[in-house]
Every structure is written in C-alpha cells, then in structure tokens.
Amino acid sequence: MRVTTRRLPLRRLTRCFSSAVLGTPPQPRPKLKFKPKFKPPTSAEVDPSKRLVRTLRNDGSFDTTVFDTTLRHTMTGQAQFSPPVSGLPRPKKKPQDVDPAEQLARALRNKGSIDATLRRTMIAQGPRPRPRQADADPAEQLARALRNNGSIDTTLRRTTTTTGNDPFSPPVSVPRPKKKPHQAPDVDPAEQLARALRNKGSIDATLRRTTTGNGNSTFSPVSVPRPKKKAHQAPDVDPAEQLARALRNKGNLDTKFISSLIQQMDQMDRSTPKDGATLATSPTGWGADALRPTSQYINAETPTEIPTSKTRLDRSGIAPHLQPEPTLSYSRRIEGLLEPTDTPTLETVDPPSEQYPIATLSHGLDRVLFNPGVHWLQDPRSKVYNFPPYLEVIPKVTDFAFERLGSFIKSSHDNDLWDLARREKRTFAGSTSSLSGMLSHVYFLLSGDKHVNTDGLSRHFGKEPRDFTSGQRMPASVVLNHNDGVYAIDSDGDKNRFAEKNILTWMGTLLEKFLTSSPEEFAPYMRFNPPPPPVEKRLRDAYRFAKSKSFVMRSQLDCVDPRLPGTGVFDIKTRACLPIRMDLLNFEENSGYLLRSLTGKIESFEREYYDLIRSAFLKYSFQVRIGNMDGVIVAYHNTAQIFGFQYISLQEMDEAIFGSGKGVGDRVFGKCVGLLEKVLEEAVACYPGESVKCTFEKLDTDNVMNVWVQPARPEVAEGEAVPITQLEVSVSNFLGQSPVRGSAAVASIDEPWTTQWSISRLMSSGDDARLALDAAKARQFRYIDIPTGLDVNTVGAMWSALNFGGVQREGAGHVPPIHYFKEAGPRTQELRDLARAGRADTAKKVMEEEGQAKVWVNGRVEWTELQKVLEMYRNSE
C-alpha cells in the first residue's frame, strides 16, 4: 500500500496544532469585503509611447507587453510619441505635426538604444516626403540612416545636440521659423560634428590636422565665416563634408579618402609659410613658436637646418598632443622569412686535432643521473651520507693550481676553429660562452618576452615573478675578429674585465676537476703538492664542433655516461647559493649560508632551482644543444661546502622555458640560430673587411632588438670618435597563415611556425647612437657591495689583493672607481645574518662530530681515514 503525504503550509499546521492540543477550533481566515477591480486606463490617461520613452530614459529596456501595446496603438493611429501634460488628457496631434525621428532622437540622447519593434512602428507610418537638396540637412539624413540601421554612435549624438537649431533638440511650443529655400545655414552641423570630434578624440589626429590646414575647410579652427554658395549651385566637395557623410553612414573612413586628405595636407605644407606669426597663417593653427632656436641655426632660405636626431621624429611646429608626421628613419632595410623545416639546425663536424677522452663522474655520483630530484650529500634527518663524506668539504680555491690544467682557449685563438670555418666555408665561428648571450636576446625578441613556467614548484613561489632576471637580460657584447673573410666571435673584454675577481669563475673549474677525479688524482693539482708527471704528448680537451648555414660552433664536453640517451654527454654546472651570487666580495662570510630543506622560500634547494629557471636555464639549453648533450648535473654549494646534486635533462629545461611538447625546444633553437646569422651578416656589412664590436639588447619594454656596431680599431687616437651604426631588428610570427604572439608561436608544436624578420639600419647621428649604446653599457654594470668590516677607503686594498688564479695577470690589480662600490642594503644584510647563523650551526656540528666515524650508505668511514683524505686537500702550513 502506497501512502502519499502532502506538505501543509506553516500557518495551517499552526492552526491544526492549536486545535489538537489546546482544544480550540481552527479559526477561518478573514476574507476581504471587496475585491478591487482593475480598470484599464484609456489612451488619454496612459500613453504607451510615454511609457516607452520613460523606460528608455531609465535603463534602455522595457517589457514586451509595452511593445505589443505600442504596435497595436500605432496601427490604429493612436500612438503619440510626445509626452502628455501631467494631469490633463493630451489632445491628439496631427500625424504630420509629430515627427517620429525627433522622438527617436530624444530617446537616443538618453540611452542610445532602440528596439526593432519601434523601428517597425515608424516604418508602418509610411515614408516621409523627401526634401529638396537645399532643405536636406545632415541631421535629417542622420535620422533617415537611423530608420534603416537603428544604431548611432554616442559621440555623434552628443555632437548633434549642441545648438537649438538642431532638429534633434527638444521642440518648443512656438513653431520654428523656416529658412529660405536656398539660404546657407548659419551654423553648419558638420562643423559642430568636427568640433565635438576634436574634443572627444574619436577621430585620428592625422585626419584632424589634414582637415584644419586651410581656412576653406569646415573643420578649420579659424572663426572665419564660410562664403555663401549661390542658389541651385552644386556644393563643393569638401573634406569635412566627406567626413560627415562617412560618419552619418557607418562611422568609418575609406583608405582612399584618407590618402587624398594626406595629399592635400602635403600641398598645404608646401604652400604655407613656415615662420608665420599669426594664428591664421600657422600651418598647425597654433601660432608662432616662441621657443624656436636662435638665428645661428635658422636661415631664411633653409629653415630646417636645426641639428636633430634622425632616430627620433622631428616635432618642430607640431602641437604637443598631436602625433608627428611619419618620416624616413632608416637608410637601409632588409627582410625575409624563416620558414619551418625538418632539417637539423646543427651538423657534427669531425675535430681536426686529437683530443683527450671525455671525463666520467667519480665518487659514485653516476646514481644522480638516473634518479630525478635532489640528492642530499648528507641526509638531514638520519645524518647518513649518500656519497663519500670527504666530498662535503671543498678545497680552497686559492690553493688550487689552475695553471696545471689546460687553460680556456678563446675562439679567436683556436686554430682548429679557424681551420674548420675555412674548410666548411662558413663566415662565423664561436664557442658556447660567446654565442649564448646573443642567442638569449634573439629568443627574447622571437618569444615576445615569454615568461617561464614555475607551476612545478611549491606554493611558496606561486606569486613570485616569472620573468627573466636582470642578469639574464643584461646586454651581450661580443667582438667579431676578422681574418681572411672569417669572423671569430669572442666575448667583449669590457664585460669580463672583472672576471678575475669573481670567485665563481674559478670555482667552476675547480669543482669540475674535483667531481671527475678520485682523491689521489685530484691531489697533484693542489698548489702545495707536487705537480702531476708530465705527459709525452699534450692533447686538446674534448670539444664538439658543429656547423650551421653560416656558423661553426664549439662546445666543451665535460662528462659522459654511455647509459644516458643520445650521445650520453652531459655538462657539469656548479651553483653557488643565493648570498654568494648576490654579494660576491663577501664570499668568506657568506660561505656559512646553509641549505636546510628541500622546499621553501629561503635556505632551500627549491629556491636555488627557482633562480636557475629564471637566470640560467635558457643559457644552459643553448649550450647543451650546441654540444649535443642530454642535460646537466648541478652541484649546489656555498664555496666551502657541497649540499647536494641534481641532474636536469634538456627536456626538463625546455618545459620550464619554452613549454611542454616534443621538439618544442629544437624549433626555438633553429629560429634563434637562423635569425642570429641574418643579424651578424648585416652587422659585418656595416664595416666590410674589419673586425667589429657588437652589443645586443632586447628590452622587455620594446618589441624590437637593438644592435650597435662599431669597428674594432685599436689604432684610433685618443679623443677621436669611432664610427657607430645602430641596427633595429623586428619580427612577426605566424602559425600557418595566422599571425600570433611570439609566446604562442614558441609554445605551439602542431602548426608550422613561420617568422618574418626585418633589419633596419637607422639614419641616426653618431651622437644619438653613441648615447643609446652608453645607456645599454650602463645596464651591464652592477654595483659591488662592500664586505663586512670594510668601508670605501679600505675596500680597494682588498680588491687588489684578490688573486684566485695564483698568477698575477696584467691589469688584475686595477681598482675600479670608488663609485662602483656601495654599502650593503637591507636585503643583503638579511642574507648576511642568515650566513652568520649558518656558520655558527656548522661550527657546533663539527665540534659534536669530532672524532666520530661517518656513516655512509656503502659502510662506515673512520675519523682517521677521513682525515687522511682531507689532508691531501689542505695546506699543512
């Protein structure tokens, strides 16, 4: 049996409860004595057109019932659009006395919208008699266009309501006087329209200047009455009138019309005197320029001999709020396409000389290559070492004999590189260190300053910046050394003049040898130990040589493991902690800074990885591709202690920089190399047959890349200006046939990517280009924080005493100017405080563990055995 229930209202339940519990019978609800009847109002009392107009004034919308009522009354001839007098029945007006266009304009002044039903209502009344040519005025044509389209621009509505003579103004009780059939109007609505447009800015500034060049224009600001036209005479075709007609129709202008106006403007500029002193004779209508230069720059016959910059548009004689006329700003321009291709960007070239074999990792570090993530050197919880305990202590950089290793060979000093370039008939030759900076700025241009991807990090970095660091965006300066038609590219010496005083430059070389050698193999390279036995034949270090269309590239090969994909080659990167990088001269105190956790905003591996993404991954990806490597192994340290290791594959770097997808990084690398070849070919063409210096910079605020080119002439006398040329590079990206942003083109892998490039040689004066180059050079500069315990008077002595290489080189003792140094800021002081606290914790740990054996995953390491190994790295003196 199915029981159905029915919900009762609350009041009814209350009555039932009171009846059952209290014993009182339910009281019936009182009924009304009478029910008010609704009496529909008459048309004289409530006019549907009045409700329509009121609603339009309020919010521009009304109920469909009003539409139906309005339409029904309209078809019966009862609709009245004008509002009735309050309290009295409205007398019906004759149809010819009520103009629907006028009522429509009133509603449009309030809200600017009208429903299709209202348009059909007006159409149902029938067409109005077409006025004669002399009586047709722009306002009536505008109303006629509204009957067809039902739309009008807000600016145009405001324009046509400026005077009482306008047909759109509210009617008065007195009939308006009719004008004579052929009499020109006193106030031209087109002129009112142009004045309003000048105020509101709804028309291009160039067009405004075009239509204000002479007094005959309706838009001329000069208050001179226009000549009256003869009766029955066809009106002259005036630009202002054409403008008003175009605005009445659709609100847009034809390209041919704009071109004709520009031609008229040019004719007016040639026929109008430039030095007019009155408002009527000034070409811009702004009168004479009281701040014009003196007569030493101005001649009556050649009034344009003022020395101005060709890189900036000349604004003389132009009002400040108007755009200047376009001028030719370049003397030469080339352009082309970088089309999609399946051909590899680089092709391996056999080295011409015999090389040493590629090194391999020692100390069991190969486990890091096949396990993702960070590997602690010592687990912070269990205190067990994952790798030999003696790796924890880094030998002092001042005790390492760098001269016993093979020194770095610049591209211009590498005979093998010169020979390969000539043999392969390539124009340019360079190494990863000299090419990665230029490739980075080319990427900034192609990608439209695409941000990096940090979604894989923890919530601590959810709101941190995702753009590249200022160090990564620093302008790149190189020297193209010319010899017999080939250019070898070196990093500019001006940028690296302080590299000798940078401890990180030397620490990278030391740790590469430290991680690929056993303790016995590493000990002979300490300065206080005997040197290694001499070899019979000195070979070159391992390099990979590759060629592109115009390049021969060289990459040093640090390490190899045949179990890795591809060639099995990978690079060794050493990453100093945050305070070491930010506060280089204070490295001794900052060496106490510790990495205490995996994640976190400070003192964590995640913080170092976040900085790697923004400051190093782009450079690493280019270097890995030039060397045909699989990835990089990173050693995190503070110059005194190693904290852990991490292997980062090329695919992982691509996902953080370019985006996910197979082959996305290879496409970007191919575009960057192709565009760099075009830019360098144009750069060396500025000064054929000479060595040149180039500085590349793509600012994040610009959509072009600037390249400054100067001949490298050491014989230039002091005080003599060196010629300079500025190049401007721009690109447009397409996926298929559709133009897209650079960031979308970089991240896409499904559609063919085509890049249209253009390189312009600017017509800038030497002074302007030199000023721009000086500004770029200034952005390469970084202040040096004064270390703790020193001041501006004593920091120079410390600078001169720094000698990490052990051999005093020429110019190494040069002290920078005093303004290069500054006191440490609050952020630097916070990092120094953390380093001091970390040093205290490290000293406490050493005291607690002194004399105890170290626990390693492969067994125990006794204290005495550990000290024997460390003695190989320490100076007994």
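With sequence neighbours left out, Glu850 forms a salt bridge (Lys or Arg N to Asp or Glu O under 4.0 Å) with no residue at all. Every residue two or more places apart in sequence or in another chain that forms a salt bridge (Lys or Arg N to Asp or Glu O under 4.0 Å) with Arg596 is listed here: Glu603, Asp841. Considering only residues two or more places apart in sequence or on other chains, Asp379 meets the salt bridge (Lys or Arg N to Asp or Glu O under 4.0 Å) condition with none of them. With sequence neighbours left out, the side chain to side chain contact (heavy atoms under 4.5 Å, CB included) criterion links Val349 to Leu420, Arg423, Glu424, Phe545, Lys547. Taking Gln651 as the reference, Ser649, Glu655 meet the side chain to side chain contact (heavy atoms under 4.5 Å, CB included) condition, with sequence neighbours excluded. Residues meeting the ring pair (Phe, Tyr, Trp, His ring centres under 6.0 Å) test with Phe468, sequence neighbours left out: Phe444. The salt bridge (Lys or Arg N to Asp or Glu O under 4.0 Å) check on Glu589 picks up Arg836, with sequence neighbours excluded. With sequence neighbours excluded, the residues that form a side chain to side chain contact (heavy atoms under 4.5 Å, CB included) with Val368 are His375, Phe387, Ile633, Phe645, Tyr647. Shown here are the side chain to side chain contact (heavy atoms under 4.5 Å, CB included) partners of Thr469, two or more places apart in sequence or in another chain: Gln472, Arg614, Ser615.
For Phe605 and Trp376, the distance between ring centers is under 6.0 angstrom.
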Show me, pair by pair, the donor-acceptor contacts under 3.5 angstrom made by side chains of residues 663-673, not counting sequence neighbours?
| from | atom 1 | to | atom 2 | distance (Å) |
| --- | --- | --- | --- | --- |
| Asp666 | OD1 | Arg625 | NE | 2.9 |
| Asp666 | OD1 | Arg625 | NH2 | 3.3 |
| Arg667 | NH1 | Glu751 | O | 3.0 |
| Arg667 | NH2 | Ser748 | O | 2.2 |
| Lys671 | NZ | Leu338 | O | 2.7 |
| Lys671 | NZ | Trp753 | O | 2.8 |

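Shown here for Ile642 and Leu391, the closest heavy-atom pair between the two residues is CD1-O, 3.6 Å.
Under the salt bridge (Lys or Arg N to Asp or Glu O under 4.0 Å) criterion, no residue pair touches residues 635-646, with sequence neighbours excluded. Sorted by first and then second residue, the salt bridge (Lys or Arg N to Asp or Glu O under 4.0 Å) pairs involving residues 574-583 (not counting sequence neighbours) are Arg581-Glu608, Arg581-Asp611, Asp583-Arg832.
A salt bridge is defined here as a Lys NZ or Arg NE, NH1 or NH2 lying under 4.0 Å from an Asp or Glu carboxylate O, and Glu403 with Arg527 meets this definition.
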